[in-house]
Amino acid sequence: MTILILHGPNLNLIGLKSSKVGEKLTLDKINRAIRLHVRKKDINLKIIQTHKEYIAINFIQRNRNSSAGLVIIPTSWAKYNQTVYETIKITKLPTASVYFKSPYNFGTSEKDTILIGNNIKSFSGPPIDTIRSAIDHIANN
């Protein structure tokens with residue numbers, strides 16, 4: 001089974017947020033941790049990070065038929081990006097939307113999101129644990 005991981009805008013800068021609290025969490029460390037999480041499971045991950053809406057939409061559309069679902073960390077897209085939301089709705093791809101709690105929050109939480117639908121489940125918490133939970137949710141559905 002293949003699960004798509006879509007890191008949204010500015011997640012490449014999570015190291016700046018983590019350094020302010022004395023931690024060294026980077027996007028690379030997150031990706032290594034989630035790859036390790038699925039290593040002994042029958043799960044392949046396709047991971048991208050982008051700031052560009054059209055790249056995110058192409059990623060979802062091109063992989064919709066070959067994947068079990070999508071884990072998206074939408075950051076600001078969760079509040080304002082109707083096109084990403086519409087793509088998720090139209091494709092009906094099972095989706096887990098991830099929101100980080102402070103100090104890793106990027107300004108959008110579950111209560112602020114437009115990403116709501118029958119095929120979308122929200123997860124909130126610390127970055128690595130929350131993404132792992134979202135992957136497990138997609139894998140078990």
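All of these numbers come straight from a predicted model, not from anything done at the bench. Just so you know, residue 1 is the first one in the sequence shown, and it goes up from there. Only heavy atoms go into these numbers, but all of them, side chains included; no hydrogens, no water, no symmetry mates.
- To the nearest 0.5 Å, atoms CG (Leu27) and CG (Leu11) are separated by 6.5 Å.
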Using a 3.5 Å cut-off and no angle test, enumerate the donor-acceptor pairs between side-chain atoms of residues 114-121 and protein atoms at least two apart in sequence or in another chain.
unit_1, atom_1, unit_2, atom_2, d
Asn119, ND2, Ile88, O, 3.2
Asn119, ND2, Leu93, O, 2.9

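- Atom NZ in Lys52 sits 13.5 Å away from atom CD1 in Ile57 (nearest 0.5 Å).
- Cation-pi contact between Lys46 and Phe59: absent, since separation from the ring centre below 6.0 Å together with deviation from the ring axis within 45° is not met.
- Remark: Arg32 CZ to Thr26 OG1 distance equals 6.0 Å, nearest 0.5 Å.
- In this structure, Lys41 places its NZ atom where more than 12 heavy-atom neighbours from other residues, nucleotides or ligands lie under 6.0 Å away.
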Requested in this report: Evaluate the side-chain contact (heavy atoms from CB on, under 4.5 Å) criterion for residues Thr50 and Leu6: first the C-alpha distance (whole Å), next the side-chain angles of each, then the deciding distance (0.1 Å), finally the verdict.
Outcome: CA-CA 8 Å; Thr50 186; Leu6 175 54; 4.1 Å; yes
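- Defined by atom type and a distance below 3.5 Å, a donor-acceptor pair is present between the side-chain atoms of Asp112 and Ser109.
- Here the CD1-OG distance, from Ile72 to Ser122, works out to 11.0 Å after rounding to the nearest 0.5 Å.
- Under the 4.5 Å side-chain heavy-atom criterion for Ile, Leu, Val, Met, Phe, Trp and Tyr, Val98 and Val84 are members of distinct hydrophobic clusters.
- Within the structure, every pair that satisfies the ring-ring contact (aromatic ring centres under 6.0 Å, His included) test and touches residues 114-141, not counting sequence neighbours, is listed here: Phe123-His137.
- Nearest heavy atoms, Glu110 versus Ser124: OE2-OG, 2.6 Å.
- Counting heavy atoms from C-beta outward, Trp77 and Pro9 have side chains that approach closer than 4.5 Å.
- Residue pairs meeting the ring-ring contact (aromatic ring centres under 6.0 Å, His included) criterion with at least one partner in residues 18-37, sequence neighbours excluded, are absent.
- Taking every heavy atom of both residues into account, Thr75 and Gly8 meet most closely at OG1-C, 3.9 Å.
- Using a 4.5 Å heavy-atom cutoff, the side chains of Ile128 and Leu25 are in contact.
- Taking OG1 of Thr108 as the start and CG of Asn81 as the end, the distance is 11.5 Å to the nearest 0.5 Å.
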* Can you list the steps and then say if Asn63 with Thr2 is a side-chain contact (heavy atoms from CB on, under 4.5 Å)? -> CA-CA 9 Å; Asn63 293 290; Thr2 299; over 6 Å; no
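- Cluster membership check: Phe100 shares its hydrophobic cluster with Val71, using side-chain heavy-atom separations under 4.5 Å among Ile, Leu, Val, Met, Phe, Trp and Tyr.
- Follow the hydrophobic side-chain contacts under 4.5 Å out from Ile135 and you reach Ile14 in the same cluster.
- In this structure, CD1 in Ile90 is found 11.0 Å from OH in Tyr85, a value given to the nearest 0.5 Å.
- Around the NZ atom of Lys101, the shell of radius 6.0 Å holds no more than 12 heavy atoms that belong to other residues, nucleotides or ligands.
- Across all non-hydrogen atoms, the minimal contact from Ile5 to Ile73 is CG2-CD1, 4.3 Å.
- If you chain together hydrophobic residues whose side chains sit under 4.5 Å apart, Tyr54 and Tyr80 never meet in one group.
- When the options Ile48, Asn31, Asn12 are evaluated for a side-chain contact (heavy atoms from CB on, under 4.5 Å) with His7, the one that passes is Asn31.
- A chain of hydrophobic side-chain contacts below 4.5 Å, direct or via other Ile, Leu, Val, Met, Phe, Trp or Tyr residues, connects Val38 to Ile47.
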